[in-house]
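A short write-up of the structure that comes next.
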Number of protein chains: 2
Amino acid sequence: MAAQTDDSGPVLPPAIEGAWGLRERAPKGPRPGMSVPTIVDAAVRVADADGLAAVSMSRVAKELGAATMALYRYVGSKDELLLLMVDTGYGPSPGPPPPEVDWRAGLSRWAWAEHEVLRQRSWLLHVPISGPPITPQQLGWMEDGLRCLDGTTLAEGEKMSVLLLITGYVRHEATLTSQVAEGSRAAGVEPSEMMPAYSRLVARLIDPARFPALHRVLAAGVLNQDDDPDDEFAFGLDRILDGVEALIQRRAG
Amino acid sequence: MAAQTDDSGPVLPPAIEGAWGLRERAPKGPRPGMSVPTIVDAAVRVADADGLAAVSMSRVAKELGAATMALYRYVGSKDELLLLMVDTGYGPSPGPPPPEVDWRAGLSRWAWAEHEVLRQRSWLLHVPISGPPITPQQLGWMEDGLRCLDGTTLAEGEKMSVLLLITGYVRHEATLTSQVAEGSRAAGVEPSEMMPAYSRLVARLIDPARFPALHRVLAAGVLNQDDDPDDEFAFGLDRILDGVEALIQRRAG
DNA sequence: CATAACAGCGTACGTCATACGCAGAGGAGA
DNA sequence: TCTCCTCTGCGTATGACGTACGCTGTTATG
């Protein structure tokens, strides 16, 4: 005869339900001195300033002038806090595509928006993701991506696959870029000197007879020139969109 | 007047230099009781059995019947051990493409080979990568990938970008797949019931008016049907290869 | 005013990576 | 043969971390 929460499908952590606005008030007891958003914002501030590794429960608590264990009244575990940090860190999605643009321009805009977020918050890439998206903002990004493909002839499942394809690319490219940046900071090398140094290292290691193709790449100086990283990103994105375009035309024709 | 190691570019950790076979013997002192490969193999065994989270220095030492601190005579840090684990975990690259196949079949084979490795060793995806590839096997994979594009008209830099594109996709797709698998294990749900459960959860959360496109996807039952995950993988791969093909034909024509 | 739910948090525990230094092994040189 | 010197193995100790547990004091409701 206990209260039935719902038709209760899979169980959602309380703090996540809170993010969706479905959370019963607490009519008894003292007024809470903090809130989940306060805590998450503090954690995001720490990550922005000192990286994800600096985000410990005690550090976040210190940021709020509270004791470590006080946080556990609001979040069930550090993993839960991380999940909420991702939601906040990504921020609101770029919104549905402007009506006058075609799917390609829309998806491009969508991809660049995520690219920009990840450039400024590279710690997002270090959060171990532990499941499919369930937070409001994450599903908002998904919605906006799907809308870009609204006018096309793709099946719903294909739209989804296309989005996964693009997000995956954006994340991977951002991962590589931030690794170079972090590596150069760790080694105390000028960022512009990072790739040349890497190129020299590989050249020293490999035997041209066993690694001919790689040797040719090095000889071409590909890794030396520091061309605009945005060009590199645009290259891959265009390849993917070309592939999508081929599919759309096949479905249409 | 001290010995000059080399023209010494960037510094490589000793254990990694060992992996390249350039390491001077130690002519003095007692004979080592273990070796770097022994330790790495033990660590890989632990990860295969109980996941990456189970890989602690003490657990690996226990696996070898040694004391924790004994390992530090062979590897400089846990991060170094992880890097070596990745090298061993990936294993040897699939080899250069058979001579009779074109670039597309070659790259497809290359991508499926990585896909297969990641399917069997999903812990590889959890290792925080901290820099561009420098271990022998990793560069071996790169070499084999580059060779697939040997006959094409692409510039060296473009070949590199194409490989990054594909690896990124393979890794991302494997990440999503393994997350579903791990999530179902953690929740004690049948793997085949995982996506339907997720679908029901999202349906409960979202407001169809604010998430129309997402709602349509759910209504189409896209997330319910458990089609062959390999088909999903093949779909994205084909889109990428279509994009590459478009580029190659533009460069050629 | 009594009660019960709840906020804040001090303490304690188990785990982890790893710095440090000692004991013993076993070639190299006397 | 004796003496070093270097290297291996590892015991101990440190500091950080996540978090279980339970106490204290607050506050709205009966």
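Note on naming: letters A, B, ... go to the chains in the order of the sequence lines (proteins, then strands), and numbering restarts at 1 for each one.
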Can you tell me how far the NE2 atom of H215(A) sits from the CG atom of L218(A), to the nearest 0.5 Å?
7.5 Å
Please state whether the phosphate of dG27(C), meaning OP1 or OP2, lies under 4.0 angstrom from any side-chain nitrogen or oxygen of R31(B).
yes
Over how many whole Å does the gap from L81(B) atom CG to dC16(C) atom P extend?
14 Å
By nearest nucleotide on DNA chain D, pick out whichever of R73(A) and R59(A) is the more 5' one.
R59(A)
With rounding to the nearest 0.5 angstrom, report the CD1 to NE2 distance, I129(B) to H126(A).
10.0 Å
What is the separation between atom OH on Y72(A) and atom P on dT11(C), rounded to the nearest whole Å?
18 Å
OP1 or OP2 of dC17(D) versus the side-chain N and O atoms of S58(A): is any pair under 4.0 Å?
yes
Atom-to-atom span, CD of E80(B) to P of dT18(C) - whole angstrom:
10 Å
Reckon M69(A) touches a base, only the sugar-phosphate, or nothing at all at heavy-atom distances under 4.0 Å?
base
May I ask you to evaluate whether Y74(B) reaches the phosphate of dG9(D), defined as a side-chain N or O under 4.0 Å from OP1 or OP2?
yes
Grab the CG-C1' distance between L64(B) and dT8(D) for me, whole Å please.
15 Å
Gap between atoms NZ and C1', on K78(B) and dA16(D) respectively (whole Å):
14 Å
Give one of base, sugar-phosphate or nothing for S77(A), where a contact means two heavy atoms less than 4.0 Å apart.
sugar-phosphate
If I take atom CD1 in residue I39(B) and atom C1' in nucleotide dA17(C), what distance separates them, rounded to the nearest angstrom?
15 Å
Please tell me which of the listed nucleotides, dA17(C), dC23(D), dT8(D), lies nearest to the side chain of M57(B)?
dA17(C)
Selection from dA7(C), dA17(C), dC10(D) that lies nearest to any side-chain heavy atom of P30(A):
dA7(C)
Atom CE of M34(A) and atom P of dA7(C): how far apart are they, to the nearest Å?
10 Å
Is E116(B) paired with R119(B) through a side-chain N to carboxylate O contact shorter than 4.0 Å?
yes
Give one of base, sugar-phosphate or nothing for T68(A), where a contact means two heavy atoms less than 4.0 Å apart.
base
Keeping the roles fixed (side chain from E143(B), backbone from L214(A)), state whether a donor-acceptor pair exists under 3.5 Å.
yes
Can you tell me if the side-chain N/O atoms of K28(B) get under 4.0 Å from OP1 or OP2 in dC7(D)?
no
Separation between NZ (K78(B)) and OG (S56(B)), nearest 0.5 Å, reads 6.5 Å
